[in-house]
Amino acid sequence: MDEPMQSLLIVTELYGFDAEAGCLRARCHDNRLLQVEAEPGQTVNCDALAAQRCPFFLLCDRPAKPVGDALSLSPRALISVVPFSAEEVEAMLASGQAEQVLEQSLHGQGF
């Protein structure tokens, strides 16, 4: 029952769309790999993220599913890139503030 209803991730690197696996591959600030899944003919989430400049905050309406040491986002998830510039997110990471934002969001305090 304590499972979060949303995910907030910090994406630091994009590796591009893997057509064979049907997902966009990325890396999060904590070094975990992230797979943003797609379905045939439905790559809206992957297309939207592929155009982003790293690093960025990624908000998703569903929890990211652990898959081994990686995370996976459903192709049916609603995603949003939080409106901070890459430079702002980079500065937050360097100062440790990004972790505070993640912690606050997990405890329902939001941005």
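Annotation: side-chain contact (heavy atoms from CB on, under 4.5 Å) contacts of A38 (sequence neighbours excluded): F17, T43, C46. Checked against side-chain contact (heavy atoms from CB on, under 4.5 Å), L33 has the following partners two or more places apart in sequence or in another chain: Y15, R27, A70.
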query = side-chain hydrogen bond (donor to acceptor under 3.5 Å, both in side chains) between Q35 and R25: does it pass, once the steps are laid out?
reply = CA-CA 5 Å; Q35 298 179 158; R25 296 192 190 277; 3.0 Å; yes
ask   = Are E37 and Q42 close enough, and set up right, to give a side chain to side chain contact (heavy atoms under 4.5 Å, CB included), and what steps lead you there?
value = CA-CA 10 Å; E37 298 174 17; Q42 195 287 81; over 6 Å; no
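Not a single donor-acceptor pair under 3.5 Å links the side chain of S80 to the backbone N or O of L59. Checking side-chain atoms of E88 against main-chain N and O of S85 turns up a donor-acceptor pair under 3.5 Å. With hydrogens and angles disregarded, no donor-acceptor distance shorter than 3.5 Å links the side chain of N45 to the backbone of L78.
When every heavy atom of A77 is checked against every heavy atom of C60, the shortest pair comes out as CB-SG, 3.4 Å. Smallest separation of non-hydrogen atoms from R62 and L73: O-CD2, 4.5 Å. Contact detail for V81 and Q52: the closest heavy-atom pair is CG1-OE1, 3.6 Å.
With C28 as the partner, the side-chain contact (heavy atoms from CB on, under 4.5 Å) test is satisfied by one option alone out of L58, T12, L34: L34.
In this structure, the ring of F84 has its center less than 6.0 angstrom from the ring center of F57.
For the pair D18/L24, no side-chain contact is recorded, criterion being any heavy-atom separation below 4.5 Å from C-beta on. At a threshold of 4.5 Å between non-hydrogen side-chain atoms, the residues L8 and V82 count as touching. Between L9 and F56, every side-chain heavy-atom pair lies at or beyond the 4.5 Å cut-off. You'll find the side chain of L102 reaches within 4.5 Å of the side chain of I10, heavy atoms only. Looking at heavy atoms from C-beta onward, E87 lies in side-chain contact with R53 at the 4.5 angstrom threshold.
By the rule that hydrophobic residues join a cluster once side-chain heavy atoms approach within less than 4.5 Å of another member, V89 and V11 end up as members of separate clusters.
Ion pairing between E39 and R76 holds under the 4.0 Å rule for side-chain N and carboxylate O.
Here the CD atom belonging to Q100 is positioned 10.5 Å from the CE atom belonging to M92, to the nearest 0.5 angstrom.
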